[in-house]
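Below: one structure, written as structure tokens.
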Amino acid sequence: GAEMHPQPSARGFYGSLAAAVKRSWFGVSAEGLWYGARHLGDLVPARRLLDELEPQLVVLSEDGIGANRVLIRRARARGIRSVVVPFGFPSSREAITWIRGQPRHREIYGMQHALNRWVARRHPRWTTEDGDERFLRSPPLTILLEEALGIAPPRPWSFNGGPADALAVESERMRRHYDNENLPPGKVTVTGALYNDELATQLLRADVAREELYRELELPAGRPLLLTAIPPPIPPRPEAEFAEYESLLRAWVEALEDE
């Protein structure tokens, strides 16, 4: 509210903006300039790629913060539609977890500086509340540049919340997940997935494939095969079972030893 984030005077705002730009040369706000400049660098390659391939449809694996928006916008300007085939179930909560794991996250993404508060008021869809704190999805200079270039995502806090025309998902479960991410009605369509077809094919020949793998790895034949997977290292969050990645790995190895 206004009590928490008072409106800066014109002098105060422009002074904050000047200080932010000045700080960027010393690394404090360099993230914002770097990510923004990267979008500028994408403009020419996107145009060249479309010139060379002349596609009728652009198919991508993701569409959101830092992913493919320049290409999608360039394609749309030529009347070319785009579809995203997502590879997972990411949620907006992961964005908060990532932000809180960054050094100086309150300084870069929080409401400490007048510039951040001004951007939050001018572009409220870029903000979210987490506990008693408010955060921007990207550094403020990145947001201003993306808005000026017309490549800002419609829903910055939704994974795959960018400007693509459609999402083609593997199942009803994935459709419900992306519906909960507040994507526009009708954007998500259940199509199945080629990787599920491949899994089904391999399940039909699992016994043969297992023996082929044993021979390739020079393992004794006829033994049980245990397939396990662990998540990649990400910053810890308060509700997580493990406070650090090493603890997760240790518990995983100990569980295998117990078996």
Does [X] belong to the same Ile/Leu/Val/Met/Phe/Trp/Tyr cluster as [Y], with side-chain heavy atoms less than 4.5 Å apart forming each link?
X      : Y      : result
Val84  : Phe159 : no
Phe89  : Tyr178 : yes
Leu167 : Val83  : no
Leu213 : Leu204 : no
Leu225 : Leu217 : yes

For residues 186-197, which residue pairs pass the side chain to side chain donor-acceptor pair (under 3.5 Å) check, not counting sequence neighbours?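 Every side chain to side chain donor-acceptor pair (under 3.5 Å) pair that includes a residue of residues 186-197, provided the two are not neighbours, is Glu170-Tyr195.
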
With a 6.0 Å cut-off (strictly less than), is the heavy-atom count around [atom1] of [X], excluding the residue itself, greater than 12?
X      : atom1 : result
Arg223 : CZ    : no
Arg81  : CZ    : no
Gln56  : CD    : no

List the steps, then state whether side-chain contact (heavy atoms from CB on, under 4.5 Å) holds for Trp252 with Phe242. CA-CA 11 Å; Trp252 176 67; Phe242 301 100; over 6 Å; no

Distance-only, no hydrogens or angles: does the [X] side chain make a donor-acceptor pair with backbone N or O of [Y] under 3.5 Å?
X      : Y      : answer
Asn160 : Asp63  : yes
His177 : Pro90  : yes
Arg175 : Val188 : no
Ser158 : Glu181 : yes
Thr127 : His123 : no
Arg117 : Met111 : yes
Arg73  : Ala152 : yes
Glu218 : Tyr214 : no

Hey, are the side chains of [X] and [Y] touching, using non-hydrogen atoms and a 4.5 Å cut-off?
X      : Y      : value
Val208 : Gln202 : no
Pro86  : Met174 : yes
Leu141 : Val119 : no

[X] [atom1] to [Y] [atom2] distance, which is reported to the nearest 0.5 Å:
X      : Y      : atom1 : atom2 : result
Leu144 : Arg122 : CG    : CZ    : 8.0 Å
Phe135 : Arg100 : CZ    : CZ    : 4.0 Å
His105 : Leu136 : NE2   : CG    : 12.5 Å
Ile96  : Glu133 : CD1   : CD    : 9.0 Å
Leu145 : Leu149 : CG    : CG    : 4.5 Å
Phe87  : Ser61  : CZ    : OG    : 5.5 Å

Identify the heavy atoms of [X] and [Y] that sit nearest to each other, and give their distance.
X      : Y      : result
Asn116 : Pro140 : OD1-CG, 3.4 Å
Glu211 : Ala221 : OE1-CB, 3.6 Å
Pro103 : Ile108 : O-CD1, 3.9 Å
Pro163 : Pro154 : N-CD, 3.9 Å
Val58  : Ala75  : CG2-CB, 4.0 Å
Gly162 : Pro153 : CA-CB, 4.2 Å

Could you tell me whether [X] and [Y] have a side-chain N and a carboxylate O separated by less than 4.0 Å?
X      : Y      : answer
Asp179 : Arg176 : no
Asp51  : Arg78  : yes
Glu52  : Arg47  : no

Tell me whether the NZ or CZ atom of Arg137 lies within the 45° cone about the ring axis of Trp126 and under 6.0 Å from its centre.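 The answer is no; the distance or angle limit is not met.
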
Give the C-alpha distance, both sets of side-chain angles, the deciding distance and a yes or no for side-chain contact (heavy atoms from CB on, under 4.5 Å) between Arg48 and Arg74. CA-CA 10 Å; Arg48 290 176 176 171; Arg74 286 281 192 179; over 6 Å; no

Given Leu71 and Leu50, is the side-chain contact (heavy atoms from CB on, under 4.5 Å) satisfied, shown in steps? CA-CA 8 Å; Leu71 179 60; Leu50 294 172; 4.0 Å; yes

Full working for side-chain contact (heavy atoms from CB on, under 4.5 Å) between Arg155 and Arg125: CA-CA 7 Å; Arg155 292 167 172 78; Arg125 77 179 190 281; over 6 Å; no

